[in-house]
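Side-chain atoms are counted along with the backbone in the values below, which use heavy atoms only and exclude waters and symmetry mates.
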Amino acid sequence: MNEDAKHERFQIITPPYRIKVVELLSRQQMEIADNRERRSQAIKKAGYNTFLLKEDEVYIDFLTDSGTNAMSDNQWAGMMLGDEAYAGSRNFYNLDKAVQDIYGYRYLVPTHQGRAAEHIMSQLLIKPGSFIPNNMYFTTRRVHQELAGATWVDVSIDEAHDPESWHPFKGNVDLKKLESLIGEVGVEKIPYMSIEANVNMAGGQPFSMENLVALREMCNGYGIPVMLDGTRLVENAHFIQRREAGYQSRSVREIVREVCSYTDGVTVSGKKDALVNIGGFLACNDKDLFLEAKAMVVVYEGLHTYGGMSGRDMEAMARGLYEMVQDRHVAARVNQVEYLGHLLLEAGVPVVVPVGGHAVFLDAKRFLPHIPQEQYPSQALSAALYLESGVRGMERGVVSSGRDPVTGEERRPKLELVRLAIPRRGYTHTDMDFVAQAIIKVYETRDRVRGLKMVYETERLRFFQARFRPIGGQLIS
Ligand code: F0G
């Protein structure tokens with residue numbers, strides 16, 4: 001295994017497409033790009049939370065790579081073939097076949113997006129008092145585990161929490177931590193092991209096949225099923241292909257298939273890898289779980305042959321699944337993210353390394369060392385970047401981490417980050433150059449950025465709607 005991702009040399013990889021249609025920015029967006037006063041008013045009105053900005057107030061939108069993908073001509077053509085029958089839509093059968101071809105799971109339950117699949121899986125598998133080991137957390141996955149009565153437990157390797165570690169597989173599970181959890185609470189309290197591909201909150205970091213195989217063996221020994229969050233599995237597979245011995249000549253498609261073969265089921269947000277704007281699913285090999293999930297999806301989502309998606313959405317996703325596993329597509333997609341990361345690293349800006357698959361993460365602890373965690377440094381940094389440039393990123397630190405459901409105390413994660421997530425196929429390298437310049441400018445004047453006070457929050461997933469005020473009145477003094 002290449003232990004040192006640091007020595008990978010950066011080289012441009014061009015994408016396997018040409019641009020045929022473009023989305024014009026609105027007049028308001030162009031004004032926002034040119035007018036700092038407008039941006040200042042907008043971010044103040046949004047309570048210094050980039051989630052509360054209107055799209056017309058955003059110039060370059062790196063809030064998320066979720067549902068912001070540009071679809072291909074092939075997918076758009078498929079949209080015209082949407083069969084909107086309530087029951088038995090032919091697009092459902094196309095999707096069913098695509099999921100079997102690409103992932104290899106026997107049974108599919110479509111949902112309108114990823115968190116609906118997480119809800120169903122959590123409600124079906126978790127009993128109150130359970131413990132769910134995870135390689136870090138994702139916000140929605142954890143909240144559904146907790147709503148079902150489980151305690152979320154982190155069993156990721158220590159390096160996952162270290163933004164400066166160049167470990168090539170920071171998404172790996174620490175098997176010793178898992179073993180000690182099993183020893184502590186007993187195997188009967190662990191309904192499944194939850195493992196996320198290309199861990200979002202760690203910075204878009206992959207697990208290795210070697211680690212997954214070892215995990216599978218350990219879980220087999222205890223009879224614990226392994227449930228995957230396959231939302232960004234394709235990007236994880238790309239890193240395995242690049243960094244893990246024995247996989248260089250294997251295709252991303254083959255690697256995706258092999259990963260799934262070591263797991264019992266998956267929840268997927270189709271809004272990422274699958275190159276669509278909406279959609280998701282749960283898939284598994286266990287017939288009983290499938291039948292229960294199928295019975296449940298009709299209560300919350302819609303009939304089991306559409307699960308909250310229209311026929312055309314299912315067709316676009318079925319086609320996207322075949323496009324997403326093309327080696328050159330994934331390589332160019334990750335390469336564009338790495339290009340932005342590379343520009344920032346060259347300029348000495350603190351970012352999470354290795355640069356991840358879907359986003360560049362600024363390390364707010366090192367970027368704004370003068371702002372303590374209780375003054376929400378990542379929130380302040382994402383607001384400051386918007387104010388200076390019209391570029392929208394998002395907080396991934398203490399605000400996203402929320403409060404402990406038992407004690408009500410704020411969770412203080414080691415990682416205090418701003419995520420700049422890059423939509424697939426939507427932006428050019430010129431946009432990356434612009435964003436890098438904007439970040440470097442904020443970095444050069446970082447001492448002037450002030451901390452925030454939270455003035456409103458919701459009980460769950462507070463980062464979406466929380467509001468803030470700059471301490472001392474001005475975000476940038
Ligand atoms: N799992 C992961 C790893 C995710 O990143 C997301 C969504 C979900 C599940 C939930 O899927 O949004 O379709 O309901 N992540 C988005 C993001 C919101 O911006 O990272 P969903």
Side-chain angles (χ1 to χ4, degrees), residues 5-6 8-23 25 58-73 75 168 197-200 202-206 231-243 252 256 269 271-277 320 323-347 349 351-362 385 389-394 396 417-440:
K6 193 174 186 171
E8 288 181 333
R9 260 197 329 131
F10 181 77
Q11 269 178 318
I12 291 272
I13 300 173
T14 52
Y17 55 79
R18 287 190 291 225
I19 297 169
K20 175 149 62 181
V21 176
V22 295
E23 177 183 343
L25 296 189
V58 175
Y59 174 42
I60 289 184
D61 200 353
F62 286 178
L63 182 74
T64 178
D65 62 328
S66 178
T68 51
N69 301 302
M71 293 206 296
S72 66
D73 48 359
Q75 287 174 293
N198 235 43
V199 182
N200 192 351
Q205 305 292 332
T231 296
R232 295 188 183 82
L233 176 54
V234 161
E235 289 161 9
N236 198 124
H238 167 78
F239 285 122
I240 289 176
Q241 186 187 52
R242 226 165 85 187
R243 295 183 186 158
V252 163
V256 163
S269 166
K271 302 170 72 175
K272 285 82 169 173
D273 274 355
L275 297 166
V276 288
N277 306 119
E323 290 177 18
M324 74 178 186
V325 289
Q326 289 170 12
D327 286 4
R328 182 62 176 245
H329 156 71
V330 200
R333 185 280 186 285
V334 173
N335 187 257
Q336 190 181 45
V337 177
E338 289 176 327
Y339 175 69
L340 176 59
H342 171 76
L343 295 175
L344 295 173
L345 282 168
E346 294 263 285
V349 176
V351 303
V352 174
V353 290
V355 173
H358 67 302
V360 173
F361 290 73
L362 307 178
L385 177 61
S389 62
V391 175
R392 168 154 76 168
M394 79 157 77
R396 295 275 83 156
L417 310 174
V418 171
R419 186 182 77 170
L420 298 153
I422 301 178
R424 291 165 192 77
R425 306 194 292 206
Y427 285 94
T428 65
H429 283 63
T430 319
D431 295 300
M432 304 305 137
D433 290 335
F434 176 88
V435 172
Q437 278 175 13
I439 294 167
I440 291 165

Revision key, fill the gap. From the list V351, I439, I60, D65, side-chain contact (heavy atoms from CB on, under 4.5 Å) with L420 holds only for I439
Review point. So which of V349, L417, V352 actually passes side-chain contact (heavy atoms from CB on, under 4.5 Å) with L362?
Key: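 The passing option is V349.
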Just by distance, with hydrogens left out, do [X] and [Y] show a side-chain donor and acceptor under 3.5 Å apart?
X: D433; Y: T430; answer: no
X: R232; Y: S269; answer: no
X: R396; Y: N200; answer: no
X: H329; Y: R333; answer: no

Residue pair [X] / [Y]: nearest heavy atoms and the distance that separates them:
X: G393; Y: L63; result: O-CD1, 3.6 Å
X: F239; Y: G204; result: CE1-O, 4.2 Å
X: V276; Y: M71; result: CG1-SD, 4.2 Å
X: A438; Y: S389; result: CB-CB, 3.4 Å
X: A332; Y: P16; result: CB-CD, 4.3 Å
X: I440; Y: L343; result: CD1-O, 4.4 Å

Spacing of [X] atom [atom1] and [Y] atom [atom2] [to the nearest 0.5 Å]:
X: H358; Y: R424; atom1: NE2; atom2: CZ; result: 8.0 Å
X: D431; Y: Y339; atom1: CG; atom2: OH; result: 11.0 Å
X: M324; Y: D273; atom1: CE; atom2: CG; result: 5.5 Å
X: D73; Y: K20; atom1: CG; atom2: NZ; result: 4.0 Å
X: Q336; Y: T428; atom1: CD; atom2: OG1; result: 7.5 Å

Would you indicate whether the side-chain heavy atoms of [Y] and [X] approach each other to under 4.5 Å?
X: R243; Y: P354; answer: yes
X: I422; Y: M432; answer: yes
X: F434; Y: V391; answer: yes
X: V330; Y: Q241; answer: no
X: L345; Y: V355; answer: yes
X: I12; Y: H429; answer: yes

Check your understanding: Taking 4.0 angstrom as the limit, do K272 and E235 come out as a salt bridge?
Key -> no
Exercise for review: Could you tell me whether E323 and R425 have a side-chain N and a carboxylate O separated by less than 4.0 Å?
Suggested key: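 A salt bridge links E323 with R425.
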Exercise for review: Could you tell me which residues satisfy salt bridge (charged side-chain N to carboxylate O under 4.0 Å, His left out) with D61, sequence neighbours excluded, listed by chain and number?
Suggested key: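 If we apply the salt bridge (charged side-chain N to carboxylate O under 4.0 Å, His left out) test to D61, skipping adjacent residues, the hits are R392.
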**Study point:** Residues T64, R419; criterion side-chain contact (heavy atoms from CB on, under 4.5 Å); working and verdict
**Key:** CA-CA 8 Å; T64 178; R419 186 182 77 170; 3.5 Å; yes
Check your understanding: Does any N or O in the side chain of N69 come within less than 3.5 Å of the main-chain N or O of K271, such that one atom is a donor and the other an acceptor?
Key ->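 Indeed, once roles are kept as given, a pair shorter than 3.5 Å links the two residues.
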Review point. Between the side chain of N277 and the main-chain N/O of G67, is any donor-acceptor distance below 3.5 Å?
Key: yes
Point to revise | From CA spacing to verdict: side-chain contact (heavy atoms from CB on, under 4.5 Å), N335, Q11 | key: CA-CA 8 Å; N335 187 257; Q11 269 178 318; 5.6 Å; no
Review point. H342 vs F10 aromatic rings, parallel, tilted or perpendicular, using cut-offs 30° and 60°?
Key: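 H342 vs F10 ring planes: parallel.
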Review point. What's the verdict on side-chain contact (heavy atoms from CB on, under 4.5 Å) for L340 and F62, showing C-alpha distance, side-chain angles and the deciding distance?
Key: CA-CA 12 Å; L340 176 59; F62 286 178; 4.2 Å; yes
